[in-house]
Amino acid sequence: MARWPEGASVTALKNEVHIAGGGLAGLSLAAGLRRREVPVVVHEAGHYPRHRVCGEFISGVDEAVLDELGVAACLDDARRPRSLSWYRRDRLVMRDELPVAAWAISRHCLDQRLAREVVRLGGRVVEGSRRPREAREGLVWAAGRQPRRGRWIGLKAHFRGLEMDSGLEMHLGRSGYVGLCRVEGDRVNACGLFTLDRRIRGGGMMMNYLRREGLDGLARRLESVGMDGGSFSAVAGFRLGWQGGGGCGVGDAVGMIPPFTGNGMSMAFESARDALDPLDAWSRGAASWEGVLAELRRRSRRRFARRLSAAAVMQGVMLNRAGQALLERLGRAGWLPFRPMLSLVR
Ligand SMILES: Cc1cc2nc3c(=O)[nH]c(=O)nc-3n(C[C@H](O)[C@H](O)[C@H](O)COP(=O)(O)OP(=O)(O)OC[C@H]3O[C@@H](n4cnc5c(N)ncnc54)[C@H](O)[C@@H]3O)c2cc1C
């Protein structure tokens, strides 16, 4: 029978897991692994805290998932919005409530909290460490979307003191949309997905995109309060849906759901949770790396295939003129099957 070396901790006897990418998926995976005493190093290309393009509205994740990852406390004081309203080009289409309250918290705050939690649990977080993409044993790819040419641009900024008529306001424009939700204090996050127009650039980018979308009323509302210029962020060069790329991946690196669902961060948490058992087993020497890859692929297909397909179809309808007109008519008549539609993307 193998003897434990004198004074060795459980951690010292396990294989170390390296995670490239310290966003929600990478950090929550690291926290969950540390709770199982798996040695973990997270390599993050950037530095905390930092603003990221994100609606900052977390909907659809089960609290048991957050508990298992050990990150529930990071959301303790987050706002819990439940009501929502949908507008089409500044006209109210419908109001409703989510079956379960969401969480609203800035990524500026949340990612830093998660990174601190990983360190508190005994993990290492190396900031300013950009890793090359490689498929090597022990390396988990959590670096977010695959950079590639794409038709989208995501923009986000915080605005102070904006009045809102519900916990989440969704505004549909001609070919894009914007979500508003209140995060810390009097900050409201405005985040949109638009079709990229390379002629729109520079300081007034967000307002120019809103006006191109026919969202003049929303642009005026946002202009009437102050934008926190330091929170403005933009991202382009990505595609939604399965990302491909092989290797061991979690979060957006595996699949990116259209943002209107408010479910991308939940998917990041869920995929991190799904990776815990296989990586823990590999770390103990009880599973091969090939076995880990096969199991993660199987789990992500089973968990995410339906919602990625349904969300792609729904977004296509939402961003098409005839589809929008139909949604508006159904919404105003109170016939839009909002909850069944929501359950397809959860
Ligand atoms: C416009 C828009 C709005 C959105 N709104 C919402 C919303 O309201 N609700 C929601 O749930 N989801 C939303 N999402 C999706 C959500 O932001 C993502 O699903 C979520 O951030 C995925 O987390 P992640 O950890 O996989 O990736 P990320 O959060 O992107 O983290 C990846 C990390 O990896 C780092 N990195 C990148 N390359 C390397 C490298 N080579 N080496 C080391 N580190 C690297 C990056 O710096 C980053 O910190 C939105 C997305 C967009 C584009």
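Keep in mind the model is a prediction, meaning the values are calculated, not measured. Indexing begins at 1, ligand by ligand and atom by atom, following the structure's order.
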Visitor: Going by ring-ring contact (aromatic ring centres under 6.0 Å, His included), name the residues that satisfy it together with F269, two or more places apart in sequence or in a different chain.
Guide: none

Visitor: Examine A45 against ligand 1 and note whether any of their N/O atoms are separated by less than 3.5 Å.
Guide: yes

Visitor: May I ask you to identify, for W103, whether its side chain, its backbone, both or neither come under 4.0 Å of ligand 1 on a heavy-atom basis?
Guide: neither

Visitor: For ligand 1, which is the ligand I care about here, please tell me if P259 has any N or O atom under 3.5 Å from one of the ligand's N or O atoms.
Guide: no

Visitor: Distance alone, cut at 3.5 Å: any donor-acceptor contact between the side chains of S175 and E213?
Guide: yes

Visitor: How far is atom 37 (C) of ligand 1 from its nearest protein heavy atom, and which residue and atom is that?
Guide: A143 O, 3.4 Å

Visitor: Looking only at side chains, do N15 and S283 share a donor and an acceptor under 3.5 Å apart?
Guide: no

Visitor: So which heavy atom in the protein is nearest atom 23 (O) of ligand 1, and how far is it from that ligand atom?
Guide: A268 CB, 3.8 Å

Visitor: Is it the side chain (CB and beyond), the backbone, both or neither of A142 that lies under 4.0 Å from ligand 1, heavy atoms counted?
Guide: backbone

Visitor: Side chains of E184 and S106 only: does a donor on one sit below 3.5 Å from an acceptor on the other?
Guide: yes

Visitor: With heavy atoms of C191 as the reference, note each atom of ligand 1 found under 4.0 Å away.
Guide: 1 (C), 2 (C), 3 (C)

Visitor: Could you tell me the residue and atom name of the protein heavy atom closest to atom 7 (C) of ligand 1, and the distance to it rounded to 0.1 Å?
Guide: F57 O, 3.5 Å

Visitor: Of all the atoms in ligand 1, which lie at a distance below 4.0 Å from a heavy atom belonging to V53?
Guide: 1 (C)

Visitor: Around atom CD of E134, are there more than 12 heavy atoms from other residues, nucleotides or ligands closer than 6.0 Å?
Guide: yes

Visitor: Evaluate the ring planes of H18 and H43, with Trp represented by its six-membered ring, and classify them as parallel (under 30°), tilted (30 to 60°) or perpendicular (over 60°).
Guide: parallel

Visitor: Please work out whether any backbone atom (N, CA, C, O) or any side-chain heavy atom from C-beta onward of S129 is under 4.0 Å from ligand 1, and answer side chain, backbone, both or neither.
Guide: backbone

Visitor: Can a non-hydrogen atom of G262 be found less than 4.0 Å from any atom of ligand 1?
Guide: yes

Visitor: Please compare G192, G21, G23 and report which has the shortest non-hydrogen distance to atom 31 (O) of ligand 1.
Guide: G23

Visitor: Under a 3.5 Å threshold, yes or no: a donor from one side chain and an acceptor from the other, between T195 and R212?
Guide: yes

Visitor: For H43, counting its heavy atoms only, list the atoms of ligand 1 lying under 4.0 Å from any of them.
Guide: 43 (C), 44 (N)

Visitor: Checking the N or O distance criterion of under 3.5 Å, is ligand 1 in contact with L193?
Guide: no

Visitor: Numbering the atoms of ligand 1 from 1, which are under 4.0 Å from a heavy atom of L24?
Guide: 25 (O)

Visitor: Heavy-atom count around R116 CZ within 6.0 Å, excluding the residue itself: above 12?
Guide: no

Visitor: Taking atom CZ of R136 as the centre, does the number of heavy atoms from other residues, nucleotides or ligands within less than 6.0 Å exceed 12?
Guide: yes

Visitor: Return the residue, atom name and 0.1 Å-rounded distance of the protein heavy atom closest to atom 53 (C) of ligand 1.
Guide: M256 CE, 4.0 Å

Visitor: For atom 27 (O) of ligand 1, what is the closest protein heavy atom, and at what distance to 0.1 Å?
Guide: G144 CA, 3.6 Å

Visitor: Crowded around R124 CZ? As in, over 12 foreign heavy atoms under 6.0 Å?
Guide: no

Visitor: Any link between L330 and L84 through a network of hydrophobic side chains (Ile, Leu, Val, Met, Phe, Trp, Tyr) touching at under 4.5 Å?
Guide: yes

Visitor: Going by distance only, is there an N or O of G46 that falls short of 3.5 Å from an N or O of ligand 1?
Guide: no

Visitor: So, E56 versus H51: side-chain donor-acceptor pair below 3.5 Å or not?
Guide: no

Visitor: Check each heavy atom of N263 against ligand 1 and say whether those closer than 4.0 Å belong to the side chain, the backbone, both or neither.
Guide: backbone

Visitor: In terms of residue, atom name and distance, what is the protein heavy atom nearest to atom 19 (O) of ligand 1?
Guide: D252 OD1, 2.8 Å

Visitor: Would F260 count as a contact residue for ligand 1, given that I'm defining contact as a non-hydrogen atom of the residue lying under 4.0 Å from a ligand atom?
Guide: no

Visitor: Does only the side chain of R52 get under 4.0 Å from ligand 1, or the backbone, or both, or neither? Count heavy atoms.
Guide: side chain

Visitor: Would L29 end up clustered with W282 when hydrophobic side chains under 4.5 Å apart are linked, directly or stepwise?
Guide: yes

Visitor: Ignoring hydrogens and geometry, is there a side-chain-to-backbone donor-acceptor pair from R299 to A294 under 3.5 Å?
Guide: no

Visitor: I need the nearest protein heavy-atom contact for atom 8 (O) of ligand 1: residue, atom name and distance, please.
Guide: G55 CA, 3.1 Å

Visitor: Test question: given the 4.5 Å side-chain rule for I, L, V, M, F, W and Y, name all other residues clustered with L92, or answer none.
Guide: Y87

Visitor: For atom 41 (N) of ligand 1, what is the closest protein heavy atom, and at what distance to 0.1 Å?
Guide: R131 O, 2.9 Å

Visitor: Numbering the atoms of ligand 1 from 1, which are under 4.0 Å from a heavy atom of G251?
Guide: 26 (O)

Visitor: Between the candidates M265, R107, R50, which shows the shortest non-hydrogen contact distance to atom 29 (O) of ligand 1?
Guide: R107

